[in-house]
Amino acid sequence: MNETAESLALPMETAPLIRMSQMSWPRIQYLSLKGRYPPEMQATTLPALLSRMPTLRSLHVQAAQRNTFSRPHIWDSSIAPSPSALSELESLTIAYPNPDDDIFAVKAPRLAHLSLRDEPRYYFQLRNQGYLPRSPAAPILSASECLHILRRMDTPALTSLELVYQADDAEDTLLRHLSSEYPALARLELHRYRERSDAVVPYGAIAEILSSTASIQAVHLNLDCAEMPPVHCKDYARIGSWTALSRSRTTEIVSAMRRCPKLKYIAVLDPRLQCCTWVDYCLYPSRDVWVDVDILERRADSDKLPFR
């Protein structure tokens, strides 16, 4: 199998990663590892495995971390120092990445999609506090760490980018980096979390900076509103107040970003349902106005809460 397989999608908990890392995988182009990191996971296992996959084009390591783990390294250049290692990558997704991981120094000129995300979604923990007796670790990146990673990378072909981060003093610099350093960037997804529970979210300022991204066509925003009701909320007055406030803020975002010459739609995360959905606001050309699509067409952001 290892000599002929071209695509693998495996559960992290049960995949025989150590044994796999001792084999050659000369034709693998797609590798997806999901679930949770196993307790016996060794620091060298993933780097050793990837060093055996010279033709890899798509790598997804979307696994929840254990509370006893630090952010693992996906790649170690001391194991496979070849300059061509991972050079064929076109898509890279890592949950809770380590900012100092050598994978971000790999030269991958064809990399078109990059996702530095969480798993499971961090908003599940925020909105289900008191209902999750054993929450997985959630070491989300800071804005400074995201900026550090992006500055390490050389990605001239990047067209799609997802970032999950907690705001800090480097946020404006990060957003300006996004708007100026990626000439082909067409799709941007941001999950931004407050640094403090009482912090004010600068909706307009965020949209204003992103509006200078000339190539952008689609923007997805989750801006972690303080007034967001919990998933089990039965206070319909509170839900109604939140809905009105959300629409007002979305109008502010749309107004700022409509200056993007190629922008086709803005999607804002709606957290009211147990499975959060994106609300798309699309340009209606004949009237030069933005309208939200019908609720039946909304797209789920993620599956329902795992690990209950």
Side-chain angles (χ1 to χ4, degrees), residues 2-3 5-8 10 12 15-34 37-38 40-63 65-66 68-119 137 139-158 160-165 170 174 177 181-182:
N2 59 296
E3 295 292 336
E6 297 183 359
S7 177
L8 285 175
L10 303 171
M12 180 72 91
L17 298 179
I18 295 177
R19 184 180 176 188
M20 289 173 62
S21 68
Q22 299 167 352
M23 304 175 179
S24 295
W25 301 84
R27 300 184 63 179
I28 282 286
Q29 298 185 25
Y30 174 88
L31 175 65
S32 175
L33 299 171
K34 293 187 177 183
Y37 280 93
E40 69 281 3
M41 185 77 174
Q42 298 179 12
T44 59
T45 301
L46 280 180
L49 174 62
L50 297 181
S51 70
R52 301 277 189 159
M53 298 180 170
T55 61
L56 196 63
R57 293 187 178 182
S58 181
L59 173 61
H60 295 253
V61 183
Q62 199 169 312
Q65 294 197 12
R66 297 182 179 272
T68 55
F69 278 17
S70 58
R71 295 167 177 161
H73 283 252
I74 306 299
W75 182 250
D76 186 342
S77 58
S78 66
I79 293 178
S82 169
S84 62
L86 298 181
S87 62
E88 299 298 314
L89 272 182
E90 298 175 1
S91 177
L92 175 62
T93 297
I94 305 177
Y96 302 124
N98 189 313
D100 296 321
D101 196 317
D102 285 346
I103 199 167
F104 300 121
V106 168
K107 294 189 180 301
R110 298 183 182 87
L111 190 69
H113 173 74
L114 174 65
S115 174
L116 307 176
R117 55 162 295 162
D118 46 1
E119 179 61 31
I140 62 175
L141 297 171
S142 65
S144 299
E145 289 174 323
C146 279
L147 184 61
H148 173 68
I149 289 174
L150 295 177
R151 282 176 168 171
R152 293 182 65 200
M153 302 184 74
D154 182 14
T155 52
L158 196 69
S160 175
L161 175 64
E162 176 186 9
L163 297 178
V164 177
Y165 68 91
L174 170 64
H177 180 88
E181 296 300 318
Y182 304 104

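Values below: all heavy atoms of this structure, side chains included; hydrogens, waters and symmetry mates excluded. In this text the structure is predicted, and so the values were computed from the model without any measurement.
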Shortest non-hydrogen separation from [X] to [Y] and the atoms involved:
| X | Y | answer |
| --- | --- | --- |
| Asp118 | Ala95 | C-CB, 4.2 Å |
| Pro54 | Glu88 | O-CG, 4.2 Å |
| Glu162 | Ser115 | OE1-OG, 2.6 Å |
| Arg27 | Glu6 | NH2-OE2, 2.7 Å |
| Cys146 | Val164 | SG-O, 4.2 Å |
| Leu59 | Leu50 | CD2-CD1, 3.8 Å |

Separation between [atom1] of [X] and [atom2] of [Y], rounded to the nearest 0.5 Å:
| X | Y | atom1 | atom2 | value |
| --- | --- | --- | --- | --- |
| Tyr37 | Thr45 | OH | OG1 | 10.5 Å |
| Leu141 | Leu163 | CG | CG | 8.5 Å |
| Ser91 | Leu56 | OG | CG | 10.0 Å |
| Leu33 | Leu49 | CG | CG | 7.0 Å |
| His177 | Leu147 | NE2 | CG | 6.0 Å |

Modelled atom types, side-chain donor and acceptor of His60 and Thr93, under 3.5 Å: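 There is such a pair between these side chains.
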Step-by-step salt bridge (Lys or Arg N to Asp or Glu O under 4.0 Å) determination, Arg110 to Glu90: CA-CA 5 Å; Arg110 298 183 182 87; Glu90 298 175 1; 5.3 Å; no
Between [X] and [Y] (side chain of the first, backbone of the second, donor and acceptor by atom type, cut-off under 3.5 Å), is there such a pair?
| X | Y | value |
| --- | --- | --- |
| Gln65 | Tyr96 | yes |
| Arg71 | Ile140 | yes |
| Thr55 | Pro26 | yes |
| Ser87 | Ala108 | no |

Partners meeting ring-ring contact (aromatic ring centres under 6.0 Å, His included) with His148 (sequence neighbours left out):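 Expected list: none.
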Residues that His113 engages under ring-ring contact (aromatic ring centres under 6.0 Å, His included), provided they are two or more places apart: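 So His113 forms no ring-ring contact (aromatic ring centres under 6.0 Å, His included) with any residue.
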Looking at side-chain heavy atoms only, is the closest gap between [X] and [Y] below 4.5 Å?
| X | Y | result |
| --- | --- | --- |
| Ile149 | Pro97 | yes |
| Glu145 | Leu116 | no |
| Ser7 | Gln29 | no |

Test log, rule side-chain contact (heavy atoms from CB on, under 4.5 Å), inputs Met20 and Leu8: CA-CA 12 Å; Met20 289 173 62; Leu8 285 175; 3.9 Å; yes
Results of side-chain contact (heavy atoms from CB on, under 4.5 Å) for Asn2 - residues two or more places apart only: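 Testing Asn2 for side-chain contact (heavy atoms from CB on, under 4.5 Å), a comparison that skips the adjacent residues, returns Met23, Trp25.
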Candidate pair Glu181 and Thr155, rule side-chain contact (heavy atoms from CB on, under 4.5 Å), full reasoning: CA-CA 9 Å; Glu181 296 300 318; Thr155 52; over 6 Å; no
Matching residue for Pro47 among Asp101, Asp76, Asp102, Ile103 - test: side-chain contact (heavy atoms from CB on, under 4.5 Å):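 Result for side-chain contact (heavy atoms from CB on, under 4.5 Å) with Pro47: Asp76.
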Evaluation steps, side-chain contact (heavy atoms from CB on, under 4.5 Å), between Ile74 and Ile94: CA-CA 9 Å; Ile74 306 299; Ile94 305 177; 4.0 Å; yes
Verdict with supporting geometry, Ser144 and Tyr165, side-chain contact (heavy atoms from CB on, under 4.5 Å): CA-CA 9 Å; Ser144 299; Tyr165 68 91; over 6 Å; no
